[in-house]
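Reading through the structure tokens given below for one structure.
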Amino acid sequence: QVQLVESGGGLVQAGNSLRLSCTASGLTFSSYSMGWFRQAPGKEREFVAAITGRGNVYNFADSVKGRFTISRDNAENTVYLQMNSLNPEDTAVYYCAASMAVYTTFTTPKRYNYWGQGTQVTVSS
């Protein structure tokens with residue numbers, strides 16, 4: 001079956017960086033667009049970033065533009081989220097997701113077919 005496993009979360013001070021990874025199995029990775037979402041306590045899940053199957057088209061939430069980058073290694077079935085200049089508002093559980101719409105970077109969760117279990121990111125002030 002399809003599995004998405006996130007890693008790389010943790011506790012960091014504001015201004016520092018983290019890189020999240022999400023490794024997929026059970027699917028043809030390059031045939032899926034990949035997205036990152038996050039959910040803070042008491043809030044809805046929100047879009048962070050997405051990348052198409054070939055890795056040539058990206059999309060970012062306004063709140064992370066210029067600070068976060070997304071990339072993928074199709075040979076390793078892994079998508080990355082590099083997070084720089086973190087601030088306490090970035091604190092959330094971060095989820096990766098896979099969408100069968102390989103050429104599109106959707107921003108809504110319902111467009112994604114598979115989800116990981118999430119990894120906690122906590123940014124202290």
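Since the model is a prediction, treat every value here as computed from it, not as a measurement.
- Phe37 pairs with exactly one of Tyr95, Phe47, Tyr94 by the ring pair (Phe, Tyr, Trp, His ring centres under 6.0 Å) rule, that one being Phe47.
- Listed here is the closest heavy atom pair of Leu4 and Ala24: CD2-CB, 3.4 Å.
- At distances below 3.5 Å, at least one donor-acceptor pair connects side-chain atoms of Arg72 with backbone N or O atoms of Thr52.
- In terms of heavy atoms, Ser17 sits closest to Asn84 at OG-OD1, 2.9 Å.
- At distances below 3.5 Å, at least one donor-acceptor pair connects side-chain atoms of Ser99 with backbone N or O atoms of Ala101.
- Checking side-chain atoms of Glu6 against main-chain N and O of Gln117 turns up a donor-acceptor pair under 3.5 Å.
- Listed by chain and number, the residues in a ring-ring contact (aromatic ring centres under 6.0 Å, His included) with Tyr114 amount to none (sequence neighbours excluded).
- Applying the salt bridge (Lys or Arg N to Asp or Glu O under 4.0 Å) definition to pairs two or more places apart or across chains, none involves residues 102-116.
- Listed by first and then second residue, the salt bridge (Lys or Arg N to Asp or Glu O under 4.0 Å) pairs that reach into residues 14-35 come to none, sequence neighbours excluded.
- Applying the salt bridge (Lys or Arg N to Asp or Glu O under 4.0 Å) test to pairs two or more places apart or on separate chains, those with a residue in residues 77-95 are Arg38-Asp90, Arg67-Asp90.
- Transitive grouping of hydrophobic side chains (ILVMFWY, heavy atoms separated by less than 4.5 Å) brings Val48 and Phe60 into a common cluster.
- Following chains of ILVMFWY side-chain contacts shorter than 4.5 Å, one cannot reach Ile70 starting from Val102, and the two form parts of different hydrophobic clusters.
- Residue Thr69 holds its OG1 atom at 10.0 Å from CE of Met83, rounded to the nearest 0.5 Å.
- Between Gln120 and Leu11 the shortest side-chain heavy-atom distance does not fall below 4.5 Å.
- Connection of Val12 to Trp36 is established within a shared hydrophobic cluster, with ILVMFWY side chains joined at heavy-atom distances below 4.5 Å, either directly or through further cluster members.
- A distance-only check finds no donor-acceptor pair linking the side chain of Asn59 to the backbone of Phe106 [under 3.5 Å].
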Stepwise side-chain contact (heavy atoms from CB on, under 4.5 Å) test for Phe68 and Leu86 | CA-CA 9 Å; Phe68 291 12; Leu86 286 162; 3.9 Å; yes

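- The stretch residues 73-85 participates, sequence neighbours left out, in no salt bridge (Lys or Arg N to Asp or Glu O under 4.0 Å) pair at all.
- The hydrophobic cluster containing Tyr58 also contains Val64, counting ILVMFWY residues as joined when their side-chain heavy atoms lie under 4.5 angstrom apart, directly or transitively.
- Across all their heavy atoms, Pro88 and Ser124 have their closest contact at CG-C, 4.4 Å.
- Put simply, CE on Met34 and CG on Leu81 are 11.5 Å apart, with the number rounded to the nearest 0.5 Å.
- Applying the side chain to side chain donor-acceptor pair (under 3.5 Å) test to every pair with at least one member in residues 21-33, sequence neighbours left out, gives these pairs: Thr23-Thr78.
- Scanning all heavy atoms of the two residues, the minimum distance from Leu27 to Ala98 falls at CD2-CB, 4.3 Å.
- No continuous path of ILVMFWY side-chain contacts below 4.5 Å connects Trp115 to Val2, so the two sit in separate hydrophobic clusters.
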